[in-house]
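In what follows, chains carry the letters A, B, and so on, assigned in the order in which the sequence lines appear, proteins first and then strands, with residues in each chain numbered from 1. Since this is a predicted model, take the numbers as computed values, not measurements.
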Amino acid sequence: MLENLPKTYNPKDFEERLYNYWNDSGHFIAHVDENKKPYTIMMPPPNVTGSLHMGHALNNTIQDILIRWKRMEGYSALWLPGTDHASISTEARVVNKIKAEGKTKEGLGREGFIEEAWEWTHKYGNTIKNQLKKLGVSSDWTRDRFTLDEGLSNAVEEVFIRLYEKGLVYRGDRIINWCPSCMTAISDAEVEHEDQDGHIWHIRYPIKDSEDYIIIATTRPETMLGDLAIAVHPEDERYKELVGKTAILPLMNREIPIVADDYVEMEFGTGAVKITPSHDLNDFEVGARHGLGQCIIMNENGTISPEGNIYQGLERYEARKRIVEDLEKQGFLVETKEHQNAIGHCERCSTVVEPLISKQWFVKMEPLARPALEAYDRGELNFIPERFGKVYVNWLENIRDWCISRQLWWGHRLPVYYCDDCGEIMVSKTKPHNCSKCNGVNIHQDNDTLDTWFSSALWPFSTLGWPEKTEDLGYFFPTDVLVTGYDIIFFWVIRMVFSSLEQMGELPFKDVFLTGLVRDSEGRKMSKSLGNGIDPLEIIEEYGADALRFTLVTGNTPGNDMRFYMERVEANRNFANKLWNASRFVLMNLEEGIEKSQFDVEKLEEEDRWIISRLNTVIKEATENLDKYEIGLAAGRIYDFIWDEYCDWYIEMVKSRLYGDDVSSKETAEQVLLYVLKDILKLLHPFMPFITEEIWQHLPGNDSPLILSSWPEYKNELDFPDSEGAIEFIKTAIKSIRNARAEMNIAQSKKSNQIFVTDDEKIKSIIAKGERYFLNLASADEIEFSENKEGMGEDNISVVLDRCEVYLPLKELIDFEKEIDRLEKEKEKLEVEIKRVNGKLSNDGFVKKAPEKVVLEERKKKDKYEEMLEKVLERLEGLKSNR
RNA sequence: GGGCGGUUAACUCAGCUGGUAGAGUGUCAUCUUGACGUGGUGAAAGUCGUAGGUUCGAGUCCUAUACCGCCCACCA
């Protein structure tokens with residue numbers, strides 16, 4: 001009955017079954033329960049049409065570990081999942097899809113297109129959710145949300161209107177980043193700067209009614225078509241006389257003023273700058289200061305507008321080429337230099353972004369950023385790792401207004417209406433019947449949609465029903481921790497913080513856990529274009545979700561990028577296999593019937609107390625590390641305990657009792673094996689949920705049908721320091737004996753007597769009680785004791801231990817030259833240690849200033865090493881004189 | 001131009017508040033012992049980037065510096 005685990009660990013046999021069981025039985029559903037403390041995590045919503053990549057796998061594994069752990073600790077733990085409509089990216093996909101069918105956006109019209117987009121969303125929207133389930137995420141699917149849900153859309157409109165009414169959302173003509181490919185405005189955060197080799201051109205602008213001229217420098221010569229001035233620094237002696245005069249714009253023959261403005265850097269270029277107010281942020285500001293007006297020379301698709309005269313219709317780079325040629329032909333080009341420059345690209349499609357003036361909607365950032373900075377300064381917001389706090393502060397301190405309108409159709413349409421008669425702007429959730437100003441009835445809604453991040457910014461509370469005062473909102477908000485990649489601090493983290501402070505009056509979360517990037521084995525970013533991405537699902541298919549999860553959270557540190565190695569997945573799969581087989585071993589040896597894990601403390605033997613005491617420590621350390629978000633360290637502690645202490649030592653030590661005749665001892669061993677195994681499974685469960693649950697369900701006498709029920713507790717009364725000391729001594733002795741035998745090439749099967757020479761009663765008793773350990777684990781035939789080493793002879797191997805020496809009579813097998821070499825090595829090691837300890841102890845400063853405890857320890861070490869060295873030397877002497 | 005991270009065993013990385021350097025993988029040797037060869041046992045392998053400093057004591061703190069990488073930034 002008990003031995004019913006299959007012989008080999010095969011995760012495919014049970015992962016899916018267990019997930020469905022958990023999910024169907026409602027264990028992931030969080031309940032508002034005033035008797036419990038809430039613990040809340042909002043899942044960063046992946047793109048609704050996306051599919052799972054390693055980044056998702058990493059941060060969802062971390063969230064799952066935290067939420068499972070807290071659930072086991074007794075919290076009412078909510079992990080709310082959902083997806084994001086991802087306006088710009090989804091729209092682009094849908095456009096491609098209909099294009100393949102020979103259709104266009106314009107052809108379909110707004111409503112038709114949105115219908116297509118919903119269809120697409122419904123078709124692909126479940127893909128990533130199903131993939132997350134394979135990973136084992138224990139999120140509450142009954143609370144699944146989508147950013148375009150009715151409720152969330154309502155929250156978006158509510159926030160927009162509130163901000164508008166407070167004057168924090170406004171409409172204006174400003175320089176924005178325009179993507180000529182996506183054909184929409186994008187925010188500063190969506191522009192990626194990349195240094196590129198380019199040119200800087202020096203161009204001569206003639207001065208009107210004069211032979212004189214002024215030379216300017218530019219990296220974007222095509223924008224000269226829109227030049228409305230030349231600016232120089234007011235203090236620049238070179239140009240003082242020219243200020244106030246008029247220059248003639250080459251190619252266009254437009255008269256433009258020469259103005260003085262201290263924005264100009266005298267040292268850069270020629271010290272004279274062409275001013276194109278409609279196509280450059282700085283120029284826009286200079287233009288405003290000098291009343292220059294606007295001249296837009298580029299269309300939305302990146303071609304030259306009618307304002308560009310004979311260059312009209314040319315693509316922007318073609319125009320640049322033609323303009324430079326023409327300038328050269330007409331003698332205006334002074335020189336062309338190589339120049340490196342940071343060029344802005346669209347984060348979505350990598351097209352070079354064009355700064356241009358446009359009428360857009362903005363969020364006024366300064367009043368929102370201030371509270372966000374103050375909250376951080378008060379220490380209410382923690383970043384893990386801390387260093388990302390600086391990134392947060394730096395961004396907020398230099399923030400500019402946020403352009404939130406997008407010329408897209410897929411998303412939240414602005415709740416803004418215009419009166420066609422008087423132009424009045426009305427902001428409202430529903431279309432007004434009459435103009436609030438002129439009472440006219442010709443009213444139309446703004447065509448733009450909002451930046452996707454405007455809705456994601458509300459995620460921590462919009463998902464809980466805000467602006468309604470729901471029970472969920474009252475109980476689960478604010479959330480506890482946000483787990484996400486450091487690459488979206490600007491896009492998302494900061495925007496959630498200020499949105500929540502503004503709307504809810506408090507932070508959306510206390511802690512922000514930032515993960516690094518998962519890179520390929522050569523350290524490259526995984527990307528579609530490189531084709532170096534590793535599909536988490538393939539890993540799960542081959543090695544199981546548990547191995548993948550463990551790989552992602554061990555061996556690296558929060559916020560650092562990691563390389564993904566198949567070898568590590570394999571190693572972790574092997575670990576799972578190890579646990580699987582250890583569990584099989586336990587089950588095979590359990591006798592049926594009684595409740596086995598309740599041991600009687602009085603009946604515990606040395607190794608039982610040792611493993612229980614060690615388990616106690618591991619529980620404490622693992623919990624402490626989880627508390628500090630040191631997930632990798634916690635996992636490492638548990639791994640080491642399972643493999644090194646439970647499997648390699650405890651199980652081996654206990655075997656003789658299981659196969660022996662002492663029924664009581666056997667029963668205690670079984671109880672402890674099971675007791676420790678159960679806690680091991682619980683400790684490991686958040687990390688490896690599937691295998692632990694599967695094994696759990698095969699164990700007898702469980703207090704709960706599911707392992708998710710409780711987290712092991714540290715128990716003071718189960719600390720046994722004396723037993724730990726005794727077993728540590730035994731382990732060291734066994735290792736030393738094994739080592740000596742292996743160095744002498746003595747087969748494990750070749751047994752010998754082991755004669756322990758010691759006059760230390762305590763050590764003697766430890767060894768005597770541990771006889772069976774030496775018989776089973778150190779190839780001893782029989783152990784004997786001797787008060788002194790008289791009569792030991794020089795034909796034995798001798799292993800020197802602390803306060804003890806062991807002789808292994810293996811006469812005919814010993815190569816004494818080899819034994820001398822081995823002891824020489826031993827001697828050198830000891831001498832190095834003694835030298836080090838002596839160095840410390842003879843240092844006056846150390847003895848006086850170091851803590852007493854440390855000094856005492858060093859003294860003990862000194863005595864120990866000296867004693868051991870003495871024995872080694874005696875042996876060496878004896879061996880050498882005998883040869 | 002600012003800011004940040006990395007530099008520790010052949011490879012990939014841990015090493016939290018300073019007190020004799022650890023793991024996984026790989027390598028070598030060995031073992032069909034009644035859970036596991038996806039295993040057991042043992043071994044070899046590190047001047048902790050460099051130079052200073054603080055300290056009785058530094059991989060760990062401070063200051064420089066080199067190399068690699070990342071982020072931010074309106075010098076046209």
Could you tell me the separation between the [atom1] atom of [X] and the [atom2] atom of [N], rounded to a whole number of Å?
{"X": "A:F564", "N": "B:rG24", "atom1": "CZ", "atom2": "P", "answer": "19 Å"}
{"X": "A:L633", "N": "B:rA14", "atom1": "CG", "atom2": "P", "answer": "10 Å"}
{"X": "A:E570", "N": "B:rC36", "atom1": "CD", "atom2": "P", "answer": "20 Å"}
{"X": "A:N745", "N": "B:rA43", "atom1": "CG", "atom2": "P", "answer": "13 Å"}
{"X": "A:K853", "N": "B:rG19", "atom1": "NZ", "atom2": "P", "answer": "12 Å"}
{"X": "A:N581", "N": "B:rG39", "atom1": "CG", "atom2": "C1'", "answer": "9 Å"}
{"X": "A:F550", "N": "B:rU12", "atom1": "CZ", "atom2": "P", "answer": "22 Å"}
{"X": "A:I691", "N": "B:rC36", "atom1": "CD1", "atom2": "C1'", "answer": "12 Å"}

Donor-acceptor pair, side chain of [X] and main chain of [Y], under 3.5 angstrom:
{"X": "A:R495", "Y": "A:F491", "answer": "yes"}
{"X": "A:N776", "Y": "A:R772", "answer": "yes"}
{"X": "A:N572", "Y": "A:R568", "answer": "yes"}
{"X": "A:R741", "Y": "A:K750", "answer": "yes"}

With heavy atoms under 4.0 Å as the rule, sort [X] into base, sugar-phosphate or nothing.
{"X": "A:K578", "value": "base"}
{"X": "A:Y659", "value": "base"}
{"X": "A:P851", "value": "base"}
{"X": "A:R568", "value": "nothing"}
{"X": "A:R573", "value": "base"}
{"X": "A:A582", "value": "base"}
{"X": "A:Y865", "value": "base"}
{"X": "A:W201", "value": "nothing"}
{"X": "A:K848", "value": "nothing"}
{"X": "A:D283", "value": "nothing"}

Would you mind reporting whether A:L587 and A:L5 have side-chain heavy atoms less than 4.5 Å apart?
->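 Answer yes - side chains close enough.
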Verify the distance criterion only: is there a donor paired with an acceptor across the side chains of A:Q196 and A:H345 at less than 3.5 Å?
->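 Per modelled atom types, A:Q196 and A:H345 side chains form a pair under 3.5 Å.
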Rounding to an integer number of angstrom, what distance separates [N] and [M] when you compare their [atom1] atoms?
{"N": "B:rU38", "M": "B:rU27", "atom1": "P", "value": "14 Å"}
{"N": "B:rA29", "M": "B:rC71", "atom1": "C1'", "value": "49 Å"}
{"N": "B:rC16", "M": "B:rU7", "atom1": "P", "value": "12 Å"}
{"N": "B:rA21", "M": "B:rC62", "atom1": "C1'", "value": "23 Å"}
{"N": "B:rA45", "M": "B:rU12", "atom1": "C1'", "value": "16 Å"}
{"N": "B:rG59", "M": "B:rU8", "atom1": "C1'", "value": "7 Å"}

Phosphate OP1/OP2 of [N] contacted by [X] side-chain N/O (<4.0 Å):
{"X": "A:N574", "N": "B:rG24", "value": "no"}
{"X": "A:W649", "N": "B:rG40", "value": "no"}
{"X": "A:N572", "N": "B:rG24", "value": "no"}
{"X": "A:R584", "N": "B:rC36", "value": "no"}
{"X": "A:R836", "N": "B:rU20", "value": "no"}
{"X": "A:K390", "N": "B:rG3", "value": "no"}
{"X": "A:T557", "N": "B:rG15", "value": "yes"}

Taking the side chain of [X] as heavy atoms from C-beta outward, which of [options] is closest to it?
{"X": "A:W643", "options": "B:rG40, B:rG6, B:rU25", "result": "B:rG40"}
{"X": "A:A850", "options": "B:rC56, B:rG24, B:rU12", "result": "B:rC56"}
{"X": "A:E743", "options": "B:rC13, B:rG19, B:rA43", "result": "B:rA43"}
{"X": "A:K655", "options": "B:rU41, B:rA43, B:rA35", "result": "B:rA35"}

More than 12 heavy atoms from other groups under 6.0 Å of NZ on A:K751 |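 Counting other residues, nucleotides and ligands, NZ of A:K751 exceeds 12 neighbours.
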Take atom CG in A:D195; do more than 12 heavy atoms of anything else shown fall under 6.0 Å from it?
->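 Count over threshold, so yes.
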Classify the angle between the aromatic ring planes of A:F388 and A:Y486 as parallel (below 30°), tilted (30 to 60°) or perpendicular (above 60°).
->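 Ring orientation of A:F388 relative to A:Y486: parallel.
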A:F575 vs A:Y639 aromatic rings, parallel, tilted or perpendicular, using cut-offs 30° and 60°?
->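 Rings of A:F575 and A:Y639: tilted, 30 to 60°.
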With a 3.5 angstrom cut-off on both distances, give the Watson-Crick or G-U wobble partner of B:rC4, or none if there isn't one.
->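 Its partner is B:rG69.
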Please confirm whether any donor atom in the side chain of A:E652 sits under 3.5 Å from an acceptor in the base of B:rG40, or the reverse.
->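 Between B:rG40 and A:E652, which were checked side chain against base, a qualifying N/O pair under 3.5 Å is absent.
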Base-contact (B) and sugar-phosphate-only (S) positions in nucleotides 68-76 of chain B, heavy-atom cut-off under 4.0 Å, - elsewhere | ----SSBBB
